[in-house]
Asks: 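This is the structure I have questions about; it appears just below.
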Amino acid sequence: MKKQYFIFSVITFVLTLSVHAQWNFNGTNIYNTNAGNVGIGTGGLFTPVEKLHINTVSNTASIMAESSYTGTTQKAVGYFRIKNTATGDMFNMVLRKNGAVHEMLQSCYDASAGLWREYAYYNYGTRKYEMRSGILDVEFKNSGNMLINSTGNVGIGDDTPVAKLTVGSGDKFQVESTHGSLTFTDDEATIKFPATQVPNAPMIHMFSSGTANADRMVISHSAGFPKWGIEYHDTSDVFYFRSTSARNFTFELASGHFGVGTEDPAYPIDIVGRMRIKATGILSNSPGIWFAAQDNDFDRAFLGMSEPDSTLGIWSQHLGKWAIEFEVMREPRIGINITPGSPPRSELHLVHTNFGGANDGVRIENEGSNDEYWNLYTSNTTGDFEFFNIGIKRATIDDVSGAYTAVSDSRLKTNINQLEPVLPAVMKLQPKTYQFTHKASNRYYTGFLAQELEQIFPQFVYYGGDDQVTYSVDYASMSVIALKAIQEQQAQIDELKREIEELKSLVNSQ
């Protein structure tokens with residue numbers, strides 16, 4: 001009975017296949033020429049919507065390609081392939097064995113080029129993933145610098161990664177590691193920023209925040225010379241251009257001071273050592289410094305070369321000429337207000353104005369409390385050399401004879417009195433011949449000893465000045481005494497002549 005039932009079942013199965021099945025056999029191959037879709041599993045797959053539709057309802061739907069290949073050459077363990085029979089193009093996803101390592105590769109076959117183009121690769125041993133350009137080279141290289149796995153960070157839209165790339169809310173780009181280095185290997189690589197619309201929008205921040213960061217090399221020469229470059233001192237807001245051993249240039253942001261050879265410039269430009277400004281040979285572009293008015297709208301003076309390579313001068317913008325010049329190529333000479341284009345003709349060459357000797361020429365002034373000063377002046381009218389004391393003319397040297405004349409204008413005198421008889425005092429004078437002690441000489445001089453003269457005519461003796469010791473004599477004024485003595489002698493002579501005439505008349509009358 002059981003045997004009959006089994007035979008009946010087989011017959012029923014065969015009949016069912018002959019009615020419903022469209023599977024065909026070609027040796028060991030099985031194929032189906034049905035133009036419809038194939039459904040596998042449960043869940044109403046009697047109406048599959050794809051060529052192959054798998055549905056297990058509540059369980060996992062899966063397809064497995066299984067192999068026991070253990071070879072050492074690069075060979076697929078299994079792959080999934082989609083092909084366009086019209087063009088020959090194919091998509092291929094392969095699990096392959098490469099020595100002891102399993103690899104997954106995704107690629108496409110470009111029939112027109114006759115090439116397989118790889119675009120994704122995963123190494124099961126290192127657990128590293130590569131994105132490839134599609135022409136067998138590596139776009140993001142499998143070097144350990146970019147990992148997409150449980151130990152990496154990456155980010156790029158950022159779902160919290162915080163480092164090892166993190167582009168999105170990092171914010172935009174963030175590098176974190178032992179040194180946080182960003183390296184370019186192309187010697188023409190640059191960093192570019194777009195055109196900005198917001199004034200003073202920062203392009204690069206040196207620090208995340210704070211004003212007490214440690215000193216930092218902003219730009220360094222190289223790994224071998226890490227302290228050659230630009231350094232920033234955050235607590236005092238100072239940039240330094242430095243070498244390994246020293247900070248050579250200083251920019252203080254708060255004060256605006258610039259220092260050369262000093263870390264603490266006290267002035268807008270503070271230089272320790274020498275500065276050189278080189279001439280080009282063109283006078284209109286001669287080396288020097290312009291000095292402007294306080295409101296900076298007018299250049300007052302220029303300190304620089306008045307001759308391209310020989311004379312240093314101070315140019316007055318108001319006068320339109322060189323006010324002072326210093327000849328530096330030959331013997332040292334200083335020119336003041338001299339003719340433009342003419343070098344100084346003596347060690348001190350002064351061309352003064354014509355407003356009068358009271359404020360022109362050369363002034364010699366005492367810095368003490370008496371405010372005394374002298375002006376030495378060449379008269380523009382006569383050519384005489386004139387001496388002014390506190391603006392009043394005191395003496396003149398004639399430009400022809402060289403005669404020295406002292407001022408004697410009655411308008412400059414007061415308490416005027418007649419001179420008392422001087423002949424008796426003159427007779428007491430003791431003229432001497434002598435030599436001076438401060439310099440050896442065979443020459444003898446004639447004059448008076450000031451201390452002796454003071455006992456007779458004290459008005460002709462001066463002593464003091466700043467040293468309050470040395471005596472001097474006004475010999476020129478003593479000529480007045482000599483003339484007065486002559487007058488007195490002449491009066492005596494006239495009196496004697498009168499008496500003689502009277503005696504003669506008396507004798508003749510007898």
Asks: Would you say that Ser505 contacts Glu502 through its side chain, given a criterion of any heavy-atom pair below 4.5 Å between the two side chains?
Replies: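 When only atoms from C-beta onward are counted, Glu502 and Ser505 do not touch, as no gap falls below 4.5 Å.
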Asks: Charged N to carboxylate O under 4.0 angstrom, Lys484 versus Glu488?
Replies: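 Salt bridge: yes.
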Asks: Should Lys393 and Asp384 count as an ion pair when the cut-off is N to O under 4.0 Å?
Replies: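 Between Asp384 and Lys393 there is no salt bridge, as every charged N stays at least 4.0 Å from the carboxylate O atoms.
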Asks: So, Asp398 and Ser401: side-chain donor and acceptor under 3.5 Å apart, yes or no?
Replies: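 There is such a pair (donor and acceptor under 3.5 Å, judged by atom type) between the side chains of Asp398 and Ser401.
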Asks: Can you establish whether the number of heavy atoms outside Tyr267 located under 6.0 Å from its atom OH is more than 12?
Replies: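 Not buried by this count: 12 neighbours or fewer within 6.0 Å.
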Asks: Hey, does the Lys NZ or Arg CZ of Arg216 hover above the aromatic six-ring of Tyr232, less than 6.0 Å from the centre and inside 45° of the axis?
Replies: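 Judged by the rule, Arg216 and Tyr232 form no cation-pi pair.
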Asks: How are the rings of Phe388 and Tyr377 set to each other: parallel, tilted or perpendicular (split at 30° and 60°)?
Replies: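 Answer is perpendicular, since the angle exceeds 60°.
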Asks: Measure the shortest side-chain to side-chain distance between Glu372 and Ile390 over non-hydrogen atoms and say whether it is less than 4.5 angstrom.
Replies: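 Result yes, sub-4.5 Å side-chain heavy-atom pair found.
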Asks: Between Lys227 and Glu231, does at least one N-O distance fall below 4.0 Å, as a salt bridge requires?
Replies: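 Result for this pair is no, no salt bridge flagged.
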Asks: Return the CH2 to OG distance between Trp228 and Ser243, rounded to the nearest 0.5 Å.
Replies: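 Separation between the atoms: 5.0 Å.
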Asks: Quick one: does Leu429's side chain get under 4.5 Å of Met478's, heavy atoms only?
Replies: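 With C-beta onward as the side chain, the pair touches.
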Asks: Could you point out which residue of Glu325, Glu327, Lys321 forms a side-chain hydrogen bond (donor to acceptor under 3.5 Å, both in side chains) with Ser306?
Replies: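 For Ser306, the side-chain hydrogen bond (donor to acceptor under 3.5 Å, both in side chains) check succeeds only for Glu325.
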Asks: Main chain of Leu506, side chain of Ser509: is a donor-acceptor contact present, judged purely on distance under 3.5 Å?
Replies: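 Yes; judged by distance alone, with no hydrogens or angles, the pair exists.
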Asks: Do Phe298 and Gln317 have side chains that get closer than 4.5 Å, going by heavy atoms?
Replies: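 Heavy-atom side-chain distance check passes, below 4.5 Å.
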Asks: Would you check if Met206 and Asp234 make a side-chain contact, meaning some heavy-atom pair closer than 4.5 Å?
Replies: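 No - every pair of side-chain heavy atoms lies 4.5 Å or more apart.
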Asks: Please find the pair of heavy atoms, one from Leu376 and one from Phe385, that lie closest to each other, and give the distance.
Replies: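 Taking Leu376 first and Phe385 second, the nearest heavy atoms are CB-CZ, 3.6 Å.
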Asks: Start with the C-alpha distance between Leu423 and Gln492, add both sets of side-chain angles, then the distance that settles side chain to side chain contact (heavy atoms under 4.5 Å, CB included), and finish with yes or no.
Replies: CA-CA 11 Å; Leu423 187 56; Gln492 290 178 359; 3.7 Å; yes
Asks: Out of curiosity, Glu501 CD to Leu496 CG, how far, rounded to the nearest 0.5 Å?
Replies: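 So the gap between those two atoms works out to 12.0 Å.
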Asks: Salt bridge or not between Arg498 and Glu495? Use side-chain N to carboxylate O under 4.0 Å.
Replies: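 Between Glu495 and Arg498 there is a salt bridge, with a charged N closer than 4.0 Å to a carboxylate O.
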Asks: Does some side-chain heavy atom of Tyr471 sit less than 4.5 Å from a side-chain heavy atom of Glu454?
Replies: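 Yes, their side chains come closer than 4.5 Å.
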Asks: At what distance, to the nearest 0.5 angstrom, does CD1 of Ile334 lie from CZ of Phe326?
Replies: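 Ile334 CD1 to Phe326 CZ: 5.5 Å, rounded to 0.5 Å.
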Asks: Looking at Ile269, I want to see if its CD1 is surrounded by more than 12 non-hydrogen atoms of other residues, nucleotides or ligands under 6.0 Å.
Replies: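 Atom CD1 in Ile269 is not crowded, with 12 or fewer foreign heavy atoms closer than 6.0 Å.
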Asks: Using atom types as modelled and distance alone, determine if a side-chain donor or acceptor of Tyr475 lies under 3.5 Å from a backbone N or O of Phe448.
Replies: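 Here the side-chain-to-backbone pair exists.
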Asks: Centre of Phe291's six-membered ring, under 6.0 Å away, within 45 degrees of the axis: is that where NZ or CZ of Arg300 sits?
Replies: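 Arg300 over Phe291 ring: no.
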Asks: Is the ring pair Phe436/Tyr445 parallel, tilted or perpendicular, if the boundaries are 30 and 60 degrees?
Replies: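 Perpendicular, since the angle between the ring planes exceeds 60°.
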Asks: Assign the ring pair Phe258 / Phe251 to parallel, tilted or perpendicular, where the plane angle (0 to 90°) is split at 30° and 60°.
Replies: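 Rings of Phe258 and Phe251: tilted, 30 to 60°.
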Asks: Can any side-chain N or O of Asn389 pair as donor or acceptor with the backbone N or O of Phe387 at less than 3.5 Å?
Replies: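 No, because the side chain of Asn389 does not come within donor-acceptor range (under 3.5 Å) of the backbone of Phe387.
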Asks: Decide yes or no for Phe460 and Ile481: does some side-chain heavy atom of the first lie under 4.5 Å from some side-chain heavy atom of the second?
Replies: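 Counting from C-beta outward, Phe460 and Ile481 do come under 4.5 Å.
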Asks: Check whether more than 12 heavy atoms from other residues, nucleotides or ligands sit under 6.0 Å from atom CG of Asn442, and answer yes or no.
Replies: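 Check fails, neighbour count at 12 or below.
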Asks: Output, in order, the C-alpha distance, side-chain angles, deciding distance and verdict of side chain to side chain contact (heavy atoms under 4.5 Å, CB included) for Leu453 and Val473.
Replies: CA-CA 9 Å; Leu453 182 62; Val473 173; 3.6 Å; yes
Asks: Under the side chain to side chain contact (heavy atoms under 4.5 Å, CB included) criterion, do Gln459 and Ser477 qualify, and how do the steps go?
Replies: CA-CA 9 Å; Gln459 66 271 34; Ser477 295; over 6 Å; no
Asks: I need the minimum non-hydrogen distance between Ala425 and Phe457, along with the two atoms involved.
Replies: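 That closest heavy-atom pairing would be CB-CZ, 3.5 Å.
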Asks: Can you tell me how far apart CD1 (Ile230) and NE2 (His221) are? Round to the nearest 0.5 Å.
Replies: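 Spacing of CD1 (Ile230) from NE2 (His221) equals 13.0 Å.
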Asks: At what distance, to the nearest 0.5 angstrom, does CG of Asp237 lie from NE2 of His233?
Replies: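 It is 9.0 Å, given to the nearest 0.5 Å.
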Asks: Would you indicate whether the side-chain heavy atoms of Phe302 and Ile289 approach each other to under 4.5 Å?
Replies: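 Heavy-atom side-chain distance check fails, nothing below 4.5 Å.
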Asks: Is a donor on one side and an acceptor on the other found under 3.5 Å between the side chain of Thr433 and the backbone of Tyr444?
Replies: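 Checking the backbone N and O of Tyr444 against the side chain of Thr433, no donor-acceptor pair under 3.5 Å is found.
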Asks: Checking side chain to side chain contact (heavy atoms under 4.5 Å, CB included) for the pair Ile314/Trp322: CA distance, chi angles, key distance, verdict?
Replies: CA-CA 6 Å; Ile314 299 177; Trp322 295 97; 5.5 Å; no
Asks: Using a 3.5 Å distance criterion without hydrogens, assess whether the side chain of Asn375 forms a donor-acceptor pair with backbone atoms of Gly361.
Replies: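 No; zero donor-acceptor contacts below 3.5 Å.
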Asks: Heavy atoms only: give me the nearest Ser112-Asp110 pair and the separation to one decimal.
Replies: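 Between these two residues, the closest heavy atoms are OG-OD1, 2.7 Å.
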Asks: For atom CG of Asp295, is the number of surrounding heavy atoms from other residues, nucleotides or ligands below 6.0 Å larger than 12?
Replies: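 Yes, the 6.0 Å shell around CG holds more than 12 heavy atoms from other groups.
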Asks: Do Glu452 and Lys432 sit within salt-bridge range, that is, some charged N less than 4.0 Å from a carboxylate O?
Replies: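 Salt bridge present between Glu452 and Lys432.
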Asks: Within a radius of less than 6.0 Å around CD of Gln294, do more than 12 heavy atoms belonging to other residues, nucleotides or ligands occur?
Replies: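 No, the 6.0 Å shell around CD holds no more than 12 heavy atoms from other groups.
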Asks: Just how far is it from atom CD of Glu386 to atom CG of Asn380, taken to the nearest 0.5 Å?
Replies: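 Atom-to-atom, Glu386:CD and Asn380:CG are 10.5 Å apart.
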Asks: Judged by atom type as modelled, is there a donor-acceptor pair below 3.5 Å linking the side chain of Ser220 to the main-chain atoms of Phe225?
Replies: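 Indeed, once roles are kept as given, a pair shorter than 3.5 Å links the two residues.
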Asks: When you check the side-chain N and O atoms of Asn248 and Arg242, is any donor under 3.5 Å from an acceptor?
Replies: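 Asn248 vs Arg242: no donor-acceptor pair found between side chains.
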Asks: Considering non-hydrogen atoms only, spot the tightest contact between Asp399 and Gly383 and give its length.
Replies: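 Looking at all heavy atoms of both residues, the closest pair is CB-O, 3.2 Å.
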Asks: Heavy atoms only: give me the nearest Asp299-Ala292 pair and the separation to one decimal.
Replies: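 Smallest interatomic distance, heavy atoms only, reads OD1-CB, 3.8 Å.
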Asks: The test is salt bridge (Lys or Arg N to Asp or Glu O under 4.0 Å); show your working for Arg247 and Asp215 and say whether it passes.
Replies: CA-CA 12 Å; Arg247 292 165 169 168; Asp215 292 351; 3.0 Å; yes
Asks: For Ile336, is there any backbone N or O sitting under 3.5 Å from a side-chain donor or acceptor partner on His349?
Replies: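 Not at all, since once roles are kept as given, no pair shorter than 3.5 Å links the two residues.
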Asks: Is it true that a side-chain atom of Glu252 and a backbone atom of Asp264 form a donor plus acceptor pair closer than 3.5 Å?
Replies: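 Pair absent, no side-chain N/O of Glu252 close to backbone of Asp264.
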Asks: Which heavy atom of Ala201 sits nearest a heavy atom of Thr196, and at what distance?
Replies: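 Of all heavy-atom pairs spanning Ala201 and Thr196, the closest is CB-OG1, 4.2 Å.
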